[in-house]
Protein chains: 2
Amino acid sequence: MKFATPTSTVLYSIEETIKAYRRLSQQNISSIVPDITVDQALILIIIDREDKTQSEIADLVFKDYASITRIIKLMLNKNYLTKTIDDADKRKAELKITQIGKEIIEKLNPVIKKNREIALNTLSEQDIKQLFEILNKITQNCKKNSK
Amino acid sequence: MKFATPTSTVLYSIEETIKAYRRLSQQNISSIVPDITVDQALILIIIDREDKTQSEIADLVFKDYASITRIIKLMLNKNYLTKTIDDADKRKAELKITQIGKEIIEKLNPVIKKNREIALNTLSEQDIKQLFEILNKITQNCKKNSK
DNA sequence: AGTATTTACTTGATATATCAAATAAATATT
DNA sequence: AATATTTATTTGATATATCAAGTAAATACT
């Protein structure tokens with residue numbers, strides 16, 4: 001049973017693209033805030049924009065609860081965040097950005113904006129719309145057949 | 001400086017798609033060969049199809065040399081592969097699939113084919129062509145601006 | 001009320017990602 | 001030939017991914 005080489009499929013291209021974007025993002029982020037990862041930055045921004053529990057964050061960024069626990073822990077150690085027990089539901093954590101965290105977000109905002117602009121620079125509105133739609137088809141296909 | 005929530009960009013959709021596909025793939029692979037990962041399977045197949053050095057493999061699958069070293073090591077432990085020193089250039093490794101490895105590849109081939117079919121099921125030829133092109137634009141944009 | 005189930009989160013084990021530093025062999029340079 | 005540089009791979013440290021098992025609080029059920 002011989003068929004297309006793995007490296008000739010679109011799914012391989014998707015991997016390539018996301019890795020290229022992650023590399024670009026990490027490089028530019030590191031040049032402004034040396035000690036933060038792309039994932040930490042994303043989660044920091046999400047917490048800043050809206051109060052979320054860890055499991056809500058996990059669902060939002062497609063990560064495992066375990067990963068979120070560890071990523072949060074690293075940011076607690078760096079004092080970007082505080083974590084307290086939710087009074088209304090003691091299983092839940094209340095996450096708040098510290099002043100340090102806020103300053104980092106301010107520094108990151110323009111970098112993140114620029115990263116997106118660089119990545120999507122040569123794309124038309126139409127390209128982006130189509131990309132959304134096609135990716136969504138694939139995602140739905142995969143989700144329907146797993147879990 | 002307020003701008004689009006990270007979770008509203010296509011780049012986020014790309015992440016979502018690739019994770020959904022990886023999950024589907026791992027589930028279906030595990031149901032046939034319980035002790036192999038998606039990454040190991042990919043690399044095993046690449047080695048089987050063409051003799052490649054570790055660094056060539058790394059470049060091909062967008063992974064770090066260090067990652068390849070470790071992935072190979074795990075497959076050596078499971079006797080999917082043998083590794084010997086290349087006679088012509090003693091820095092290089094010669095990787096060969098064992099009988100066990102070959103049998104695993106035979107089992108995996110239909111699963112991998114099916115995973116792709118599931119993922120791309122609802123896409124037209126046109127969709128796939130466009131997806132390739134748009135992803136390639138993004139990849140080029142990112143690569144031009146990093147490294 | 002007491003038990004069972006679910007929910008939110010944590011921890012452990014193992015695989016992979018990334019960067020930096022190290023080793024050894026091959027190649028280039030003087 | 002001796003030294004410098006490059007290439008192929010490895011190792012260490014730390015971050016993240018994934019699965020399984022565990023804890024504690026909240027909710028549902030009898």
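Just so it is clear: chains get the letters A, B, ... in the order the sequence lines come, proteins before strands, and each one is counted from 1. Predicted model only: the values in this text are computed from it and were never measured.
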In whole Å, I'd like the distance from the [atom1] atom of [X] to the [atom2] atom of [N].
| X | N | atom1 | atom2 | answer |
| --- | --- | --- | --- | --- |
| B/I68 | D/dT11 | CD1 | C1' | 16 Å |
| B/K92 | D/dT10 | NZ | C1' | 17 Å |
| A/I85 | D/dT23 | CD1 | P | 18 Å |
| A/L74 | D/dA13 | CG | C1' | 13 Å |
| A/Y80 | D/dA15 | OH | P | 11 Å |
| B/L76 | D/dT10 | CG | C1' | 13 Å |
| B/I72 | C/dT16 | CD1 | P | 11 Å |
| A/K52 | C/dC9 | NZ | P | 13 Å |

Are there over 12 heavy-atom neighbours, none belonging to [X], within less than 6.0 Å of that residue's [atom1]?
| X | atom1 | value |
| --- | --- | --- |
| B/E117 | CD | yes |
| A/L76 | CG | yes |
| B/R23 | CZ | no |

- Query: Between A/K83 and C/dT10, does any side-chain N or O lie under 4.0 Å from OP1 or OP2?
  - Reply: yes
Next on the checklist: With a 4.0 Å cutoff (strictly under), does any side-chain N or O of A/K73 reach OP1 or OP2 of C/dT11?
Outcome noted: yes
- [ ] Indicate, with a heavy-atom threshold strictly under 4.0 Å, whether B/I71 touches base, sugar-phosphate, or nothing.
- [x] sugar-phosphate
Which part of the nucleic acid does A/T53 contact within heavy-atom distance under 4.0 Å: base, sugar-phosphate only, or nothing?
-> sugar-phosphate
Q) Under the side-chain hydrogen bond (donor to acceptor under 3.5 Å, both in side chains) criterion, do A/N121 and B/N141 qualify, and how do the steps go? A) CA-CA 7 Å; A/N121 175 33; B/N141 288 341; 4.6 Å; no
What I'd like to find out is whether the side chain of [X] reaches to under 4.5 Å of the side chain of [Y], using heavy atoms alone.
| X | Y | value |
| --- | --- | --- |
| B/K107 | B/E103 | no |
| B/I57 | B/I71 | no |
| B/K96 | B/T84 | no |

- For the side chain of A/K78 and the backbone of A/D35, is there at least one donor-acceptor N/O pair under 3.5 Å apart? yes
Listed pairs, N/O of protein and of nucleotides 18-22 of chain C, under 3.5 Å:
residue	atom	partner	partner atom	Å
C/dT18	O4	B/R70	NH1	2.9

Sorted by number, residues from residues 33-41 of chain A placing a heavy atom under 4.0 Å from DNA chain D are A/T37, A/D39, A/Q40
hbond_proxy B/R91 side chain to D/dT9 base (donor-acceptor, 3.5 Å cutoff)
no
Contacts of B/N145 meeting side chain to side chain contact (heavy atoms under 4.5 Å, CB included) (sequence neighbours excluded), chain-then-number -> A/L24, A/I118
